[in-house]
Amino acid sequence: MSDKRTASVAQLRKVAKVGDAASSALQTVLRPARNLGFPYRRPSRPKGVVMPPEKNTLGSDFDTAWARKAPARAARSVITRGPMAAMVKAIANPEVEGLDRLHDLLEQDPLPAVIFAPNHHSHVDTPLIISVMPTEFRKKLVIAAAADYFFDTRVKGTLSALALNAFPIEREVTTRKSSDELRRLIDTGWSLVIYPEGGRSPDGWGQEFKGGAAYLSGRTGVPVVPVFIDGTGSIYGKGMKRPKPGATKVVFGSPLWPEDGENTRRFNARIEAAVTALGDEALTDFWTARKNAAAGANPKLTGPEYNSWRRQWALAEHRKLGKAGQRRRQRRRWPDLG
Amino acid sequence: MPRPGFVHEVDRSTPPVLFWRGENFSLEKLPVGRSRVIYPPEPLPAIKDIDGAIRHALLNPHDQDPLPALLFPGMKLTIAFDDVSLPLPKMRRPDIRQRVIEAVLDLVAAAGVDDVHIIAALGLHRRMHEYELRHALGDRVYDAFHPRGMLYQHDAEDHDNLTIIGTTDHGEVLEINKRAADSDLVIYVNINSVSMDGGWKSITTGLASYRCLSHHHTGETLQNTKSLMGHREHSALHKSIWRLGKVLRDHGPKLFQIESTLNTDMFPEQFSFINKREWEWTAKDRATYLGVTKGLNMLPVKARRKMFHDIQSPHQMTSVQAGETSAVHEITLAKVFEQQLVPVEGQTDILTLGIPFVSPYNPDSVMNPVLVMCMGLGYLFNMYRNKPLVREGGVIIMTHPTYRDFNPVHHPSYIDFFEQVLTDTTDPVVMGQKWEKQYAEDEWYRHLYRTGNAYHGVHPFYAWYWGAHGQQHAGKVIIVGGDAPTVRRLGFTPASTMDDAFEIASDVVGRTPTISHLHVPSLLVADVQ
Amino acid sequence: MSRLVFSRKPARFAAARLAGTLMPGRGASVGPLSLEPDETLPLPSPEWLRLRPRLAGICGSDLATVDGTASAYFDPLVSYPFTPGHEVVADVVGTDRRVVVVPVLSCITRGISPVCHACEHGHIHLCERVAFGHIEPGLQTGFCESTGGGWSHEMLAHPSQLVDVPADLSDEAAVMVEPMACAVHAAQRYTGKETVIIGAGTLGLLTLAAITATRDRERTGPVVVTARYPDQKRLAKELGADVVCSTDELPRWVRSATGSLVFGDQLTCGAPHVIDCVGSSESLQQSLQVVAPGGEVQVVGMPGNVHLELTSLWHRETAIRGCYAYRRPDFDTALELVRRFDLGRLVSATYSLKDYTDAIGHAAHAGRRGAVKIAFDMRSN
């Protein structure tokens, strides 16, 4: 006991010594500048003046235009192909289906913009969908990301914008500004990933779809591609401390266009139904899913109506059916008992 | 705007012309002043919204109620589709059959129909491999139907699952797949590459038994099929099939035929020179040609074959129509001819043909000598309307390596046919009388056809019969660049170069024959006036 | 006057074996075979007669001996130095008899009395005293020091070994009588069902002729013959084969002729009777592949040391049965068949003894060079 303590004290001393040396070195270097004032320093504020409110550059006001310029795109391409792809392969091992449904879009010249509308369970979803989608779309892709989560600090915002080409939007009420900016991006050929659920699932079951994707599609005329992602919830769901590698499945659906006279609400319902049907397809098969869809009997992604433990219980059953049920064998480690 | 096909008279400035040579190409100089090259029309533009067009066709059929009106819960529905022999080369995914069947299944699901079987209408062709079924139908349909035994392949030897529908006034018995016959509705999903296909031929051959096919797949019938690709009235084969079709319409299950046509955009960008006229080859095309041909020469034949059979063609749908079989087929034919027809003036003494690496009977397999005959005299020779490009008694010159090589998995009976039958006779009628029965009833071939991936034992005969008319029509057939003993066994004459071939031909057609060259790659039907 | 002599010279024997393996027939020039002046052999007993050979054929077993590839099994059955040649047509010295020699040396020729059980019943080829008696050991005339052999101008024979040649039969036809007798012996096991003859050399063709002579083509199963060279194929057709094919085509022909299925390489049915006139590992293995369950592979060609996978023999209860030589009456049938099929035409070329290397070279490549039987011609001097 006493041995340990003496050892830690000795360590502290060592650290302090190194700190002293560093600060004295720094002082030596900075000494010539010590007496420099404005313009080398921030101006002091005179008395009695009213300062204009400081411009907010965080949250939904975070400027991400630089992330869509060539240098950032080149860097992102490297990130996506290298570390991100490796990470996705290692922890999510995705199986992809339904890419053939995008064939006709890919044949078009120029490549049309597309709004991908996946369900959302995990932070893994974004890297996952980026790494499995056709490269053509990936080259010009923006991710709609929650302003309050991804852009709350400068470092986090910068990294999100660089690595994912995230674009800040509000979860609940989309402001005029961000929606206009998104429409402008779509009109210039940028495809978009937007999670219509508005955020990761809090309990493992899906949430109601919000109208963002349907609205943007209605305004711009580009198709919405419903996507179902299975298995990420149990890999790195909301509230999990560290990821637990497993298998996932991504199913792309046929592109949907708003029909004549269809309002955003109805179109949104159609998108939700399409993702729900894909969810059924991922767990069963195409034919079963089509029959259920025709009968309105696809199992709902939002889970059973009832609450309490039964809902959680049903979730476990539901996950066993999907990709998460085929969890890769975890390496067992014996506890270190000293 | 794609340009129509045309006939080019070879002059002194005409560059050498492209020929297929199996898994390679060659450029051949044709004699000036008396040769003509028949160029195919350029590919028509594909439909923009294919899925929309399919849906429209299903909801607005010809001479038939819309598909949803034909569906009711509790019904027995069978969907049959064309097998791996179409299209050639295989098209990029998604295949047309997948698109059509998925669209059909959407309507079927909405109508609450549960009893759906999907059957590969392969007649006596080989069973498709899993990867081929997945390619044709897509993974979704395969994964949903195959594990439940609701997607399978027609078996012309499964006598428990065949049933007789009726007999024509010529005594031909129509015997087809029992499941289809017992269905409340049969939906046939077709791809029409050439005008020979489709119509009543779809079901009456694709889902038929050997007994049923043996009425019209004979040496005599094919010798009397003077227009396989052109007019039905001049085709004994099609007349017989149309008689069977009438029996099917009157006594068979209710039918809903879906036919589609393809454009001739058959080769991907790497082979850009294929679809171009030689004088329009750019520096890049020429470099590609040289690179490809020289490179291929250095590869072993297996690698070459693999390379070509791996090609996924960019051809795409130009029309889709559904409804009553005859009504639909007329529209289909018009569409096929719109893409493929080239008007040509008169016949010539010699017809030259380049034989490609693939025929309808060897997708992903070896183009064996029997198939070389079938492709040359059966398919390419027959690519005419009214009358053949070569006069009766003229000479047909083909270019192909014609190696003695077979795929033992797909073509076991072809090997025996080549060794046993062709050493005895090359006459379709004689071999039909003397040998056909033994091959058709051989238990081992039957076993391989039913459980493996082999063509039916009798199929080499059918492949040979296909060329019966050409064989009878031509005074001499020469193969340039083929393995000599093999070519001789086919009853043809080997020549080492095109000049030699013309020299050999002069015995039959004199010193200054007129020559037509059918410019395949790409497809065309010569409308010979 | 000269003779060819095969002596026991181990170094030359090894050289012949090497040369013969590299190039069949080359053993003649480097091996223990040499041309030597004739030597008058003493008669083993007063009954024996002196013969002057007219024509003497070169047989497959002779080639194996010359090339040093024959099995060591024969070593105790021969006596060195010997003069080869057992397909002989000769004049009997001091008479005007023209005879064919029955080369098998039985108890009677060896002066063994009483004769053994086999010889007593006429099975001279199965003689139980095969290499014993008052002459030097020798399987047949042509492998025995005491009797001399056909590749010479003088040899000895016991009167029981002589078969008179009718005057109308040419020497060429007569020289085919001895191999034909082998074929007649082989064809005695013909069943009338599907039959396969592997190899269309002299023995294959003669066996085919012997079978053709006994069968009714309409009522018997097809006879399938494998042949390698065009002339062999033509002759096989002429001599009555229903199917002539190459070796690699054989299993497919047998399969379709017998309506067989296939597992692995093995046919499920097959031909009840397969006659192997080659005797190599490959030909025997193929025989087992195409023989019907419970059927018989008859080995007519001399096999030597072969390597075989015999599981199918065990599993399908097939038999491999040897077929050596003949009995005396077979020669009468042979004479008749040689005349009937005009087999003298199979003698493709004759050489004088001094050209023996060319002769043996020709015989070793007979098929490729369009020949069947090569013989030495001693008639000129």
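We name chains A, B, ... by the order of the sequence lines, and we start the count at 1 in each one. Being a predicted model, the structure only gives us computed values, none of them experimental.
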Task: Ring-face cation contact, B:Phe406 with C:Arg252, 6.0 Å cut, 45° max - done: no
- [ ] Considering only NZ, NE, NH1 and NH2 on the basic side and carboxylate oxygens on the acidic side, decide whether C:Glu249 and B:Arg404 come within less than 4.0 Å.
- [x] yes
TODO: Give a yes or no on this: more than 12 heavy atoms of other residues, nucleotides or ligands lie within 6.0 Å of atom CD of B:Glu443.
DONE: no
TODO: Please step through side chain to side chain contact (heavy atoms under 4.5 Å, CB included) for the pair B:Glu419 and C:Cys245, ending with a clear verdict.
DONE: CA-CA 8 Å; B:Glu419 287 171 359; C:Cys245 62; over 6 Å; no
- [ ] Check whether B:Glu441 gets within reach of chain C through its side chain, its backbone, both or neither, counting any heavy atom under 4.5 Å.
- [x] neither
Task: CG (B:Asn297) with more than 12 external heavy atoms under 6.0 Å - done: yes
Task: C:Ser260, part contacting chain B, at a heavy-atom distance under 4.5 Å - done: backbone
Open item on the list: For C:Arg26, I'd like to know if atom CZ has over 12 heavy atoms of other residues, nucleotides or ligands within 6.0 Å.
Closed with: no
Open item on the list: Just verifying a value: how many Å separate C:Leu261 CG and B:Tyr445 OH, rounded to the nearest 0.5 Å?
Closed with: 11.5 Å
Task: Flag if over 12 foreign heavy atoms under 6.0 Å of CZ, C:Arg217 - done: yes
Open item on the list: If you count heavy atoms of other groups shown closer than 6.0 angstrom to CG of C:Asp265, is the number above 12?
Closed with: no
Open item on the list: Is it the case that over 12 heavy atoms from other parts of the model lie below 6.0 angstrom from the CZ atom of C:Arg316?
Closed with: yes
- [ ] Please examine the side chains of B:Asp442 and C:Arg255, heavy atoms only from C-beta on, and report whether any two atoms are closer than 4.5 Å.
- [x] yes
Task: Spacing of B:Trp435 atom CH2 and C:Ser256 atom OG [to the nearest 0.5 Å] - done: 7.0 Å
